[in-house]
Enquirer: 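One structure is given below, represented as structure tokens, and several questions about it will come after.
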Amino acid sequence: MRTTQQMSIPPPNEMADVVKAKVSMGEYASESEVIRDGLRALMARDRAVKIWLHNQVARAMTRCGPIPRAP
């Protein structure tokens, strides 16, 4: 079973230039690798923000005490 999907996403010229430069400088073997790495970084950032928010809410809930239930 295939674990990838073919997509066509035209980036703005500035972003396309960055992707091509990363490949031409040898940092990545292909444009797809650059995009995958960028998406991994985005996913890691999203996870970190989610954890941070969860921790902030937990601290705030601890300071405020229990929330009263509606009758």
Enquirer: Is it true that atom CG of Asp46 has more than 12 heavy atoms of other residues, nucleotides or ligands lying nearer than 6.0 Å?
Expert: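 Correct, the count exceeds 12.
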
Enquirer: Please report the interatomic distance CE(Met25) to NZ(Lys20), rounded to the nearest 0.5 Å.
Expert: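 If we round to the nearest 0.5 Å, Met25:CE and Lys20:NZ are 15.5 Å apart.
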
Enquirer: Quick one: hydrophobic cluster around Met7, which other residues, with the 4.5 Å side-chain cut-off, linked directly or via members?
Expert: Ile9

Enquirer: To the nearest 0.5 Å, how far apart are NZ in Lys22 and OG in Ser30?
Expert: 14.0 Å

Enquirer: Kindly write out the residues that satisfy side-chain hydrogen bond (donor to acceptor under 3.5 Å, both in side chains) with Ser24, not counting sequence neighbours, or none if the list is empty.
Expert: none

Enquirer: Give me the other members of the hydrophobic cluster that Val23 sits in, counting Ile, Leu, Val, Met, Phe, Trp and Tyr linked by side-chain heavy atoms under 4.5 Å, directly or via other members.
Expert: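 The other cluster members (ILVMFWY side chains, heavy atoms under 4.5 Å, direct or chained) are Val19, Tyr28, Val34, Ile35, Leu39, Leu42.
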
Enquirer: If you compare all heavy atoms of Gln56 against all heavy atoms of Arg59, which two are closest, and at what distance to 0.1 Å?
Expert: NE2-NH1, 2.8 Å

